Novice: 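Pasting in a structure now, in structure tokens, and then I'll have a few things to ask.
As the structure is a prediction and not an experimental result, all values here were calculated from the model. Below, chains carry the letters A, B, ... as their sequence lines are ordered, and counting in each starts from 1.
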Amino acid sequence: NAGVMQNPRHLVRRRGQEARLRCSPMKGHSHVYWYRQLPEEGLKFMVYLQKENIIDESGMPKERFSAEFPKEGPSILRIQQVVRGDSAAYFCASSQAGTIVNEQFFGPGTRLTVL
Amino acid sequence: GENVEQHPSTLSVQEGDSAVIKCTYSDSASNYFPWYKQELGKRPQLIIDIRSNVGEKKDQRIAVTLNKTAKHFSLHITETQPEDSAVYFCAASINDYKLSFGAGTTVTVRA
């Protein structure tokens with residue numbers, strides 16, 4: 001089992017560009033979560049998705065950020081018109097079902113640097 | 001929303017000694033409390049978790065205790081080893097998916 005995969009591992013963007021972060025959940029997992037981690041801080045929940053559905057996006061900034069988990073392919077976190085404050089590590093996690101019953105397994109993260 | 005506070009932010013212990021990390025949470029409806037270990041530049045990994053119907057759980061050198069009345073829970077690592085050095089995060093969940101994390105504790109085990 002390859003585990004949760006994320007790519008790219010490192011991403012550098014200039015202000016105003018778009019960033020696309022990809023997450024492939026573990027085999028058999030249909031629930032995906034995205035978290036953001038700023039330096040020296042804990043992880044902050046952003047969004048929870050199931051296949052083709054956004055279940056909870058209460059942690060997503062209102063503008064420029066979007067997420068999807070299509071029927072086929074990885075989950076995508078998209079950040080439009082990036083600003084320096086978007087620089088952070090973005091982790092996705094996956095689980096078989098709800099966390100109360102099943103552990104969230106984390107990917108290695110994508111470290112986004114905005115110049 | 002849920003607010004989780006974690007203390008201390010840094011902890012240095014001598015190899016073989018015990019380490020204790022404490023967390024408090026704000027929402028009495030929280031019912032799931034995992035602990036994650038994150039080594040430098042790596043992914044968070046679950047090391048132990050506890051649910052609200054249990055007061056204590058132990059797995060080898062690691063134990064977690066939960067006090068629902070006081071809304072706090074703690075991680076205990078006994079007989080610490082250099083490989084225990086990492087950042088530890090507590091978290092709480094009031095539903096079955098959204099984890100609210102503490103700010104982390106950097107543990108250094110001195111050889």
Novice: So Ser58(A) and Lys98(B), do their side chains get closer than 4.5 Å, heavy atoms only?
Specialist: yes

Novice: Locate the shortest heavy-atom distance separating Gln38(B) from Phe91(A); write the atom from each residue and the value.
Specialist: NE2-CZ, 3.4 Å

Novice: Considering non-hydrogen atoms only, spot the tightest contact between Tyr36(B) and Gln104(A) and give its length.
Specialist: OH-O, 3.2 Å

Novice: Would you mind checking which part of Gln6(A) comes under 4.5 Å of any heavy atom in chain B, side chain (CB onward), backbone (N, CA, C, O), both or neither?
Specialist: neither

Novice: For residues Gln37(A) and Phe89(B), report the shortest heavy-atom separation together with the two atoms involved.
Specialist: NE2-CZ, 3.3 Å

Novice: Applying the 4.5 Å side-chain criterion to the ILVMFWY set and letting contacts propagate, would Ile50(B) and Leu46(B) be lumped into a single cluster?
Specialist: no

Novice: Decide yes or no on side-chain contact (heavy atoms from CB on, under 4.5 Å) for Glu103(A) and Asp49(B), but give the supporting numbers first.
Specialist: CA-CA 9 Å; Glu103(A) 173 187 348; Asp49(B) 57 13; 5.7 Å; no

Novice: Counting only heavy atoms not in Met5(A), do more than 12 fall under 6.0 Å of its CE?
Specialist: no

Novice: For atom CD of Gln50(A), decide whether the heavy atoms of other residues, nucleotides or ligands shown that lie under 6.0 angstrom number more than 12.
Specialist: yes

Novice: Is the count of non-hydrogen atoms from other residues, nucleotides or ligands lying under 6.0 Å from Glu79(B) atom CD greater than 12?
Specialist: no

Novice: Could you tell me whether Glu83(B) atom CD has more than 12 heavy atoms of other residues or ligands within 6.0 Å of it?
Specialist: yes

Novice: Starting from Phe69(A), can I reach Tyr90(A) by hopping between I/L/V/M/F/W/Y residues whose side chains sit under 4.5 Å apart?
Specialist: yes

Novice: May I ask you to check whether over 12 heavy atoms, not counting those of Lys51(A), lie within 6.0 Å of atom NZ?
Specialist: yes

Novice: Just checking Glu63(A): does its CD atom have more than 12 heavy atoms from other residues, nucleotides or ligands closer to it than 6.0 angstrom?
Specialist: no

Novice: Are there over 12 heavy-atom neighbours, none belonging to Arg15(A), within less than 6.0 Å of that residue's CZ?
Specialist: no

Novice: When hydrophobic residues are tied together by side-chain contacts of less than 4.5 Å, even through go-betweens, does Leu11(B) share a cluster with Trp35(B)?
Specialist: yes

Novice: Distance check, rounded to the nearest 0.5 Å: Leu99(B) atom CG versus Tyr35(A) atom OH?
Specialist: 3.5 Å

Novice: What is the distance from atom CZ of Phe45(A) to atom CD of Glu2(B), rounded to the nearest 0.5 Å?
Specialist: 13.5 Å

Novice: Sort by residue number and list every residue of residues 105-115 of chain A having at least one heavy atom under 4.5 Å from chain B.
Specialist: Phe106(A), Gly107(A), Pro108(A), Arg111(A)

